Participant: 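Pasting in a structure now, in structure tokens, and then I'll have a few things to ask.
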Amino acid sequence: MESPHSSRTDRDGLTAAALRMLLRCFRQAVKARKRRATAAEAPTQQRMDPTHHRSLTMGAVIGVARHLRLEVHRRSALLCLNKVAGKVFRIGHLGNLKELQLLGCLSDVEMVLKDVGYPNFRQLFLIPTTGTGAWESALTNTLSPGDRIVSFLIGQFSLLWIDQQQRLGFDVDVVESDWGHGADLAALERKLRNDTHRTIKAVAIVHNETATGVTNDLAAVRRLLDAYAHPALLLVDGVSSICALDFRMDEWGVDVALTGSQKALSMPTGMGIVCASPKALEASKTARSVRVFFDWKDYLKFYEMGTYWPYTPSIQLLYGLRTALDLIFEEGLDNVFKRHNRLGTATRYGGVSLHAHQVRRGGVGLKNCCQKEECFSDTVTAVVVPPYIDSAEIVKHAWKRYNLSLGLGLNKVAGKVFRIGHLGNLNELQLLGCLSGVEMVLKDVGYPVKLGSGVAAAAAYLSNYTPLIPSRI
């Protein structure tokens, strides 16, 4: 019978063996360094000085450890131990955290994220937080209390961001539109034209308003800023757009773009992803807002030292991010955008229509909360229900009877709409199953729907426009 302590004994033996191997490699590297120094006729004192090998300690050892997949706490040696930084390294043997594998993973993540909308970005911040924390990171690192922000209110999530801006002490110039409409760019143009003293320090906009299924035109915002040569920062919430909708950080001159792990990346909630342009990084040097946990300066200091966080990262989510990006790039980012457009269009064919006459083409005949076709979201559709139906009952019934998860109407549209999400790792057949469930729920709550009508309309569209899977051709 195996001893209950055998696994621990084996682990300790492996740790000791790994340590001996690492130190042996280190001694060999020291000898090689001395030989090179001798060949270069370096001063004797420098060759014999043990502190001369500090860079070797942190270079050769880390390299060897990476090769052996050992955990060497470079961060601890550099910062946590302070006075012995560069003079020692530590080998951990608690749990199964392999920090160097993680750093290798993050190097890959940083490289591939350059292709997800922002190929020339300077800094990426992966923060253990939600989209709300990413909002705060974007604001407090680039602006000072009292700075004027033009911010668009078009739905619940833009409303929450505005509330945060106000509570952080900024002078928020709110541009409000009816829910279901996009950002009022005519109002923005007037404000930019009248801002001769350049008091506007930032324009904050939600790219895709999840509460109403409205996508804003970021390129048009950038054109207005450029037309008036206005230096305001462009801060963009891309939580339900980045990696699902076309997003061009450089081309559209976005200064801070942020997203969360739980939307198009199809991961659990808990990681905020913030990307800052050189202009935003420069602004962070003079921004006077109080920040601690979200301070970019701490991140940048650790970047220079070869690691990524000033505190414990969300390790499991980071490995999940690596896998999520693998899936995205296996499909191809352009194909991901096209797939989301197909799914969004199929949802609109099958479930909702903008005008009554469009019902004749098929579908169940409900209306889209989004009022303009050019603003239709390809990641979420908000469906307006008749006045005699409470949309909250639709969501509750779908969950209780069919194990179908739909989104509630929020705030001004509570009880009036329910939301169908169609983003992330989702395919055509999964969407058709969702639409079928929606039809059954509508019938159950008393809406006069012909079962199969919406699914048939969506399936007809998808059968005409769904291509072969590129990796299987």
Side-chain angles (χ1 to χ4, degrees), residues 117-118 120-125 127 131-154 157-158 161-175 183-185 187-208 216-239 241-242 247-259 272-291 294-297 299-300:
Y118 28 78
N120 298 320
F121 77 90
R122 294 287 187 260
Q123 292 297 344
L124 179 71
F125 303 99
I127 306 172
T132 304
W135 281 346
E136 187 167 331
S137 171
L139 294 168
T140 57
N141 280 282
T142 58
L143 299 168
S144 299
D147 280 353
R148 183 183 175 194
I149 307 174
V150 174
S151 199
F152 297 97
L153 200 172
I154 63 170
F157 293 95
S158 52
W161 198 12
I162 287 170
D163 176 64
Q164 185 188 77
Q165 293 163 20
Q166 293 170 334
R167 291 163 70 180
L168 287 170
F170 301 114
D171 177 14
V172 187
D173 189 345
V174 180
V175 179
D184 185 348
L185 298 187
L188 175 63
E189 182 174 16
R190 289 193 297 272
K191 292 179 184 297
L192 294 175
R193 182 173 62 247
N194 295 331
D195 187 30
T196 56
H197 297 293
R198 299 298 190 253
T199 62
I200 299 172
K201 301 303 180 184
V203 174
I205 186 169
V206 174
H207 186 197
N208 189 79
N216 282 310
D217 187 349
L218 297 183
V221 176
R222 170 45 59 191
R223 285 194 295 270
L224 285 176
L225 287 167
D226 289 348
Y228 291 96
H230 203 289
L233 295 167
L234 179 55
L235 313 180
V236 176
D237 170 339
V239 170
S241 65
I242 291 175
F247 188 89
R248 308 179 187 186
M249 183 166 184
D250 299 309
E251 183 178 328
W252 297 338
V254 176
D255 292 298
V256 182
L258 62 94
T259 190
I273 302 173
V274 180
C275 189
S277 72
K279 182 178 175 181
L281 290 173
E282 192 63 29
S284 72
K285 296 177 181 178
T286 56
R288 292 180 284 102
S289 295
V290 175
R291 66 260 191 194
F294 298 115
D295 197 341
W296 292 353
K297 184 167 57 179
Y299 274 87
L300 295 172

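Just so it is clear, the model here is predicted, and its values are computed rather than measured.
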Participant: Check this for me, if you would: do Lys191 and Asp195 make a salt bridge, where the nitrogen-to-carboxylate-oxygen distance has to be below 4.0 angstrom?
Facilitator: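 Salt bridge between Lys191 and Asp195, a charged N being under 4.0 Å from a carboxylate O: no.
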Participant: So, using side-chain hydrogen bond (donor to acceptor under 3.5 Å, both in side chains) as the criterion, who are the partners of Asp184 when residues are at least two apart?
Facilitator: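 Asp184 satisfies side-chain hydrogen bond (donor to acceptor under 3.5 Å, both in side chains) with no other residue.
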Participant: Given the rule in the side-chain contact (heavy atoms from CB on, under 4.5 Å) test, do Gln165 and Ile162 qualify, once you have shown the distances and angles that lead to the verdict?
Facilitator: CA-CA 5 Å; Gln165 293 163 20; Ile162 287 170; 4.3 Å; yes
Participant: If you apply the rule side-chain contact (heavy atoms from CB on, under 4.5 Å), what do you find for Asp171 with Ile149, and how did you get there?
Facilitator: CA-CA 6 Å; Asp171 177 14; Ile149 307 174; over 6 Å; no
Participant: With heavy-atom distances below 4.5 Å as the criterion, would you say the side chains of Cys275 and Met249 are in contact?
Facilitator: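 Side chain of Cys275 against side chain of Met249, heavy atoms only: contact under 4.5 Å found.
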Participant: Just to verify, what does Ser158 make a side-chain hydrogen bond (donor to acceptor under 3.5 Å, both in side chains) with, not counting sequence neighbours?
Facilitator: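 So Ser158 forms a side-chain hydrogen bond (donor to acceptor under 3.5 Å, both in side chains) with Glu209.
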Participant: With side-chain contact (heavy atoms from CB on, under 4.5 Å) as the test, pick out the partner of Leu225 among Val203, Leu233, Leu188.
Facilitator: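 Single pass found, and it is Val203.
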Participant: Check whether the side chains of Ser277 and Asp255 place a donor and an acceptor atom closer than 3.5 Å, and report yes or no.
Facilitator: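 Note: Ser277 and Asp255 side chains meet the donor-acceptor criterion.
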Participant: Using modelled atom types and a 3.5 Å cut-off, is there a donor and acceptor pairing between side-chain atoms of Ser284 and backbone atoms of Thr142?
Facilitator: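 Not confirmed, Ser284 side chain does not pair with Thr142 backbone.
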Participant: Just so I know, are the side chains of Val175 and Val150 near enough to count as touching, which here means a heavy-atom distance under 4.5 Å?
Facilitator: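 The answer is yes, as the side chains (C-beta and beyond) meet within the 4.5 Å cut-off.
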Participant: On a heavy-atom basis, which atom in Ala219 and which in Trp252 lie closest, and how many Å separate them?
Facilitator: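 Nearest heavy atoms, Ala219 then Trp252: CB-NE1, 3.4 Å.
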Participant: Does the plane of the ring in Tyr299 sit parallel, tilted or perpendicular to the ring in Phe125? Use 30° and 60° as the thresholds.
Facilitator: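 If you compare the ring of Tyr299 with that of Phe125, the planes turn out perpendicular.
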Participant: Kindly write out the residues that satisfy salt bridge (Lys or Arg N to Asp or Glu O under 4.0 Å) with Lys201, not counting sequence neighbours, or none if the list is empty.
Facilitator: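 Salt bridge (Lys or Arg N to Asp or Glu O under 4.0 Å) list for Lys201, sorted by chain: empty.
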Participant: Can you tell me how far the CZ atom of Arg198 sits from the CG atom of Leu192, to the nearest 0.5 Å?
Facilitator: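 Spacing of CZ (Arg198) from CG (Leu192) equals 8.0 Å.
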Participant: If I take atom CG from residue Leu218 and atom CZ from residue Arg248, how far apart are they, to the nearest 0.5 angstrom?
Facilitator: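 Taking CG in Leu218 and CZ in Arg248, the distance rounds to 11.0 Å.
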Participant: Check side-chain hydrogen bond (donor to acceptor under 3.5 Å, both in side chains) between Arg148 and all other residues, then give those that pass, not counting sequence neighbours.
Facilitator: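 Per chain and number, Arg148 pairs via side-chain hydrogen bond (donor to acceptor under 3.5 Å, both in side chains) with Asp173, Thr199.
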Participant: Could you go through Val221 and Ile205, starting from their C-alpha distance and side-chain angles, then the distance that decides it, and tell me whether this counts as side-chain contact (heavy atoms from CB on, under 4.5 Å)?
Facilitator: CA-CA 9 Å; Val221 176; Ile205 186 169; 4.0 Å; yes
Participant: Determine the minimum heavy-atom distance between Ala134 and Gly272, stating which atoms define it.
Facilitator: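 Here Ala134 and Gly272 meet closest at CB-CA, 4.4 Å.
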Participant: Quick one: does Asn194's side chain have a donor or acceptor within less than 3.5 Å of a partner on Arg190's backbone?
Facilitator: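 Such a contact is found between Asn194 side chain and Arg190 backbone.
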Participant: Considering the options Val206, Leu258, Thr132, which one meets the side-chain contact (heavy atoms from CB on, under 4.5 Å) requirement together with Val239?
Facilitator: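 Of the listed residues Val206, Leu258, Thr132, the side-chain contact (heavy atoms from CB on, under 4.5 Å) partner of Val239 is Leu258.
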Participant: Atom CD in Glu189, atom CZ in Arg223: separation rounded to 0.5 Å?
Facilitator: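 Separation between the atoms: 11.5 Å.
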Participant: Quick check for you: to the nearest 0.5 Å, what is the distance between Asp147 atom CG and Phe170 atom CZ?
Facilitator: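 The distance works out to 7.0 Å.
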Participant: Take the angle between the ring planes of His207 and Phe247 and call it parallel below 30°, perpendicular above 60°, tilted in between.
Facilitator: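 His207 and Phe247: tilted rings.
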Participant: Measure the CG-OG1 distance between Asp237 and Thr259 for me, rounded to the nearest 0.5 Å.
Facilitator: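 Rounded to the nearest 0.5 Å, the CG-OG1 separation comes to 7.5 Å.
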Participant: Output yes when a side-chain donor or acceptor of Asn216 lies under 3.5 Å from a complementary backbone atom of Ala183, and no otherwise.
Facilitator: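 Yes: the side chain of Asn216 pairs with the backbone of Ala183.
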Participant: Holding to salt bridge (Lys or Arg N to Asp or Glu O under 4.0 Å), I want the full list of residues that pass it with Glu282, two or more places apart in sequence or in another chain.
Facilitator: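 Salt bridge (Lys or Arg N to Asp or Glu O under 4.0 Å) check on Glu282 returns Lys285.
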Participant: Mind jotting down which residue pairs meet the salt bridge (charged side-chain N to carboxylate O under 4.0 Å, His left out) criterion with at least one end in residues 132-144? Sequence neighbours excluded, please.
Facilitator: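 As it turns out, there is no salt bridge (charged side-chain N to carboxylate O under 4.0 Å, His left out) pair with a partner in residues 132-144 once direct neighbours are skipped.
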Participant: Do the side chain of Asp217 and the main chain of Ala220 share a donor and acceptor less than 3.5 angstrom apart?
Facilitator: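 Yes, because the side chain of Asp217 sits within donor-acceptor range (under 3.5 Å) of the backbone of Ala220.
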Participant: Apply side-chain contact (heavy atoms from CB on, under 4.5 Å) to residues Leu168 and Thr140 and explain how you reach the verdict.
Facilitator: CA-CA 8 Å; Leu168 287 170; Thr140 57; 4.0 Å; yes
Participant: Output the distance between atom CD1 (Ile200) and atom NE2 (His230), rounded to the nearest 0.5 Å.
Facilitator: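 So the CD1 of Ile200 and the NE2 of His230 are separated by 4.5 Å.
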Participant: Between Ser151 and Trp161, is there a side-chain donor-acceptor contact under 3.5 Å, judged purely by atom types and distance?
Facilitator: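 No, no side-chain donor-acceptor contact under 3.5 Å.
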